[in-house]
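Please read the structure below before turning to the comments.
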Amino acid sequence: MPELAEVEFYRRIWNAGFGQRVTNVEAHSDKRIFRGVDTANLLGSLTGAVLDASFSHGKQMLFRFSNGWLGIHLGMTGELRVEATDFPAEKHDHLLLRLPNVSLVFADPRLFGRVLFHQGAKEPAWWQTLPPSLESEEFTLERMTSVLQRRKKAPIKAVLLMQPFFPGVGNWMADEILWRSRVHPATSCGSIPPAGVRKLFLATKTVAADALETIASAKGTTFGDPPTGWLFHQRWGKDGTCPRCNTKLDRDEIGGRTTAWCERCQPRPI
DNA sequence: TCTCGTGTTTCTTG
DNA sequence: TCAAGAAACACGAG
């Protein structure tokens with residue numbers, strides 16, 4: 001599920017372990033999600049460490065322990081869970097942190113997710129160099145305009161999915177942003193007028209903020225769906241209709257991903 | 001049996 | 001060197 005707001009949702013799930021000392025770590029260390037990681041060092045370092053903070057940025061998460069930094073990317077099918085202390089690891093549970101009161105679990109059937117581990121007083125380099133988040137003041141209209149100028153021929157849908165520029169935007173968020181802006185997903189970036197870019201910019205900010213607000217107000221252990229009236233609710237099925245004009249949504253592969261849009265509200269570029 | 005997928009990385013082509 | 005598209009990764013759900 002993991003796009004911006006879902007990642008934030010999963011980060012909070014592990015809050016149950018704050019302030020507790022890790023008594024044991026279990027890992028399927030031969031799995032793909034540990035590629036490039038010294039798993040022996042990870043296991044040895046986290047055992048006995050205390051979880052004291054966590055952060056999310058786009059689709060990335062970072063958990064601060066007293067003896068290292070654990071980075072997690074959920075890929076396409078990853079999830080974080082909290083289980084009982086004696087919970088036996090299931091087939092796709094690749095990393096388990098045993099704490100006095102709970103077990104923190106990272107599961108991922110398709111193994112597209114990723115674990116990173118870093119030791120040092122400061123955050124890992126890859127975290128420090130992340131692009132400005134969509135919610136930040138550094139994410140500006142000027143920045144977005146220059147990104148689109150540099151990708152003149154690419155369809156806007158594909159560019160919205162580029163994490164170095166739009167951290168946290170995934171397939172459904174991109175479709176939501178385009179639908180709100182009334183821009184066809186196949187429109188080449190170079191052909192979008194300044195007024196259109198401004199609409200896209202404002203929609204990006206709004207979708208990110210509203211999705212995060214949905215998570216904040218859900219405050220339970222279930223991921224609350226976005227408000228009614230979002231394209232989100234219509235884009236999955238084959239019979240989805242436009243929440244604005246009730247036209248049946250079109251579906252096709254654009255920018256390498258399945259894309260849903262309303263041909264009436266988002267006219268195809270000439 | 002077959003197709004599809006809420007993501008990234010790497011390869012290929014231009 | 002860069003932009004853009006395709007393939008690869010792996011496995012469950014429908």
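Here is the naming used below: chain letters follow the sequence lines, and residue numbers restart at 1 for every chain.
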Determine: side-chain N/O of A:Q163 to OP1/OP2 of B:dG7, distance under 4.0 Å, yes or no.
-> no
What pair of heavy atoms forms the shortest contact from A:D108 to A:G113, and how long is it?
-> OD2-N, 2.7 Å
Give none if C:dA8 has no partner; otherwise give the nucleotide forming a Watson-Crick or G-U wobble pair with it, both distances under 3.5 Å.
-> B:dT8
Given atom CZ of A:F165 and atom P of B:dG7, what is their separation to the nearest angstrom?
-> 17 Å
Interatomic distance where CG belongs to A:L160 and P belongs to B:dT8 [whole Å] | 14 Å
Separation of B:dC4 atom C1' from A:D252 atom CG, nearest Å, is 14 Å
Please tell me which of the listed nucleotides, B:dT6, B:dT8, B:dG5, lies nearest to the side chain of A:H73?
-> B:dT8
Which nucleotide in B:dT8, C:dA3, B:dT6 has an atom nearest any side-chain atom of A:R151 | C:dA3
Parallel, tilted or perpendicular: rings of A:F139 and A:F166 (30°, 60°) = perpendicular
Partner of C:dA13 under the Watson-Crick or G-U wobble criteria, both distances under 3.5 Å, comes out as B:dT3
Atom C1', compared across C:dA4 and B:dT6: separation rounded to whole Å = 23 Å
Nucleotide B:dG7, atom C1' - distance to CD1 of A:I72 in whole Å = 16 Å
Whole-Å distance, A:F166 CZ to B:dG7 P, equals 15 Å
A:R251 CZ - B:dC4 C1' separation (whole Å) = 10 Å
Distance, C1' atom - from B:dT8 to C:dA13, rounded to whole angstrom | 22 Å
Using atom CG of A:L148 as one end and atom P of C:dA4 as the other, report the distance to the nearest whole Å.
-> 11 Å
Do A:N41 and A:S45 have side-chain N/O donor and acceptor atoms under 3.5 Å apart?
-> yes
Just say parallel, tilted or perpendicular for the rings of A:H94 and A:H28, cut-offs at 30° and 60°.
-> perpendicular
Under 3.5 Å, is there a donor-acceptor pair between the side chain of A:W179 and the main chain of A:C262?
-> no
If a protein heavy atom is under 4.0 Å from the base, mark B; if only from the sugar-phosphate, S; if neither, -; do that for nucleotides 5-14 of chain C going 5' to 3'.
-> S---BBBS--
Aromatic ring proximity, centroids under 6.0 angstrom, A:F232 and A:W236 = yes
Spell out, as yes or no, whether a donor-acceptor pair under 3.5 Å connects the side chain of A:K205 to the backbone of A:L134.
-> yes
Within this structure, what is the CH2-to-C1' distance between A:W126 and B:dT9, rounded to whole angstrom?
-> 17 Å
Distance test, side-chain N/O of A:K59 to OP1/OP2 of B:dT8, below 4.0 Å = yes
